[in-house]
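Quick note on labels: first sequence line is chain A, next is B, and so on, each numbered from 1.
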2 protein chains.
Amino acid sequence: MSVREKRRAAALDRIADHMLAHGLADSSLRALAQTAGTSDRMLLYYFAGKDDILVSALGTIATRLGAILHTALGGPCSADPEKVLADMAGIIRGAAVRPYMRLWLEVTILSSRGEEPYRSVAGQIADSFVALVASRLAIDNETIRQATASRVIATLDGLVVLDLVGREHTATLALGVKGG
Amino acid sequence: MSVREKRRAAALDRIADHMLAHGLADSSLRALAQTAGTSDRMLLYYFAGKDDILVSALGTIATRLGAILHTALGGPCSADPEKVLADMAGIIRGAAVRPYMRLWLEVTILSSRGEEPYRSVAGQIADSFVALVASRLAIDNETIRQATASRVIATLDGLVVLDLVGREHTATLALGVKGG
DNA sequence: AAATTCCTGTAGCAGCCGCTACAAAAATCG
DNA sequence: CGATTTTTGTAGCGGCTGCTACAGGAATTT
């Protein structure tokens, strides 16, 4: 790894921190440069442009989240969707993961406006979420497994939304029942 | 209603159109003024500031959505959460309502940053959603009714997220199963 | 040592943003 | 009609955005 690549990676690490802490909206080049300990001028020397920075940092962030989830999901698989939902909700709604989910929703908004490269990025993240849940479901029928994983992800995303608007109580309530 | 109030209301109507079509991010004072047929100068004459404009327009938008939902939800109530979920998903995922949900998610992001007045607004909207679903549920036990409504809303919000990232197929799949 | 390439600071561009000072027009009132 | 108040246009402020031209220093190569 060249010096340039090392510095690029180090900058990305700090930039990822900043994005998780402050969100996309507060991630101007100058702000990112400050937390990375450089100047906006240098950021644009290491990266092709702001989009390149953000997308690269989102990659770093996705890797981090993958590691967190992999560590936290140590238990056995289950055939019961409610069980998997409860397990994942416990992790995803925790303070450690919430910044990731907030960022994920911000990318969702950008994606919904059709803006590349965020549209592709958001789609891939959604797919990987579904795949992760599917890997936790001990269901033989593949079609049903995929559909169930989709359902669990939908509910999880909804719980995150409720948390973000300060309705943690409503989200917790939702976890206590089975239907709908 | 004075002339001033009439013009204010007319401007709000056009502004609501613009916000639904282009989202919060593309709603600068100058852009809103253009669609309203005035100048940014006049907008700030009618309103206290940008926040006042946006929050007032969100009120108009909430009223519109309420009317849409009230009209579309003509059928009988049901004790089956899956039935209510499917009914509401059919409405909320439709092209007519999607702009409202996208806006709702944008407000959610603002809310999650703790910015008033969006934090309060988002919370109230979430509560009214839950109340609406609860009113469609023919469940006697009030505690279970509230919890079930919360669960349905969570799932609905999640479906919206999946739709916004271009995973309509995943969302539709999720509606086909019961668990999780 | 000279020449070339790589790195980085300074300064600034053009374009937005929310908002406002000022003054002129228009409507209202005595 | 004149005086006062309400409404509006013009112009611009200070600040932020992503990005870039230029130049000088540092490192590397010949």
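Taking 4.0 Å as the cutoff to heavy atoms of chain A, we find the contact window on DNA chain C bounded by C/dC6 to C/dG12. Of all nucleotides in DNA chain D having an atom under 4.0 Å from a heavy atom of chain B, the first and last in 5' to 3' order are D/dT6 to D/dG12.
In summary, the side chains of A/R93 and A/T172 do present a donor paired with an acceptor at a separation below 3.5 Å, with no hydrogens or angles considered.
Remark: B/D13 engages B/R64 in a salt bridge, criterion side-chain N to carboxylate O under 4.0 Å. Using a cut-off of 4.0 Å between Lys/Arg side-chain N and Asp/Glu carboxylate O, B/R145 and B/E142 are scored as salt-bridged.
Using a 4.5 Å cut-off on side-chain heavy atoms (C-beta onward), B/S135 and B/L132 make contact. The shortest side-chain heavy-atom distance between A/D26 and B/R113 falls under the 4.5 Å cut-off. Inter-residue side-chain proximity for A/L110 and A/L24 is flagged as met; some heavy-atom pair is nearer than 4.5 Å. Between A/I53 and A/L29 the shortest side-chain heavy-atom distance falls below 4.5 Å. Using a 4.5 Å heavy-atom cutoff, the side chains of A/W104 and B/V165 are in contact.
Counting only distance, with no hydrogens or angles, the side chain of B/S111 and the backbone of B/V107 share no donor-acceptor pair below 3.5 Å. Side-chain atoms of B/R102 do not come within 3.5 Å of backbone N or O of B/V160 as any donor-acceptor pair. A/E106 places no side-chain N or O within 3.5 Å of a backbone atom of B/I109 that could act as its donor or acceptor partner. Checked by atom type and distance alone, the side chain of B/H18 never pairs as donor or acceptor with a backbone atom of B/A33 at under 3.5 Å. A distance-only check finds a donor-acceptor pair linking the side chain of B/R136 to the backbone of B/P76 [under 3.5 Å].
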Begin from the C-alpha positions of B/T38 and B/Y45 and carry the test side-chain contact (heavy atoms from CB on, under 4.5 Å) through to its verdict.
-> CA-CA 11 Å; B/T38 40; B/Y45 180 69; over 6 Å; no
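With a 6.0 Å radius and a threshold of 12 heavy atoms from other residues, nucleotides or ligands, A/N141 has its CG atom above the threshold. Residue A/Q34 places its CD atom among 12 or fewer non-hydrogen atoms of other residues, nucleotides or ligands, all under 6.0 Å distant. For B/R14, the CZ atom counts as loosely surrounded, since its 6.0 Å shell holds 12 or fewer non-hydrogen atoms of other residues, nucleotides or ligands.
Within a heavy-atom distance below 4.0 Å of DNA chain D, no residue of residues 106-117 of chain A is found. Within a heavy-atom distance below 4.0 Å of DNA chain C, the residues of residues 4-21 of chain A found are A/R4, A/R7. Near DNA chain D, meaning a heavy atom under 4.0 Å away, the residues from residues 33-56 of chain A are A/D40, A/R41, A/L44, A/G49, A/K50. Within residues 23-32 of chain B, the residues that place at least one heavy atom under 4.0 Å from DNA chain D are, in residue-number order, B/R30.
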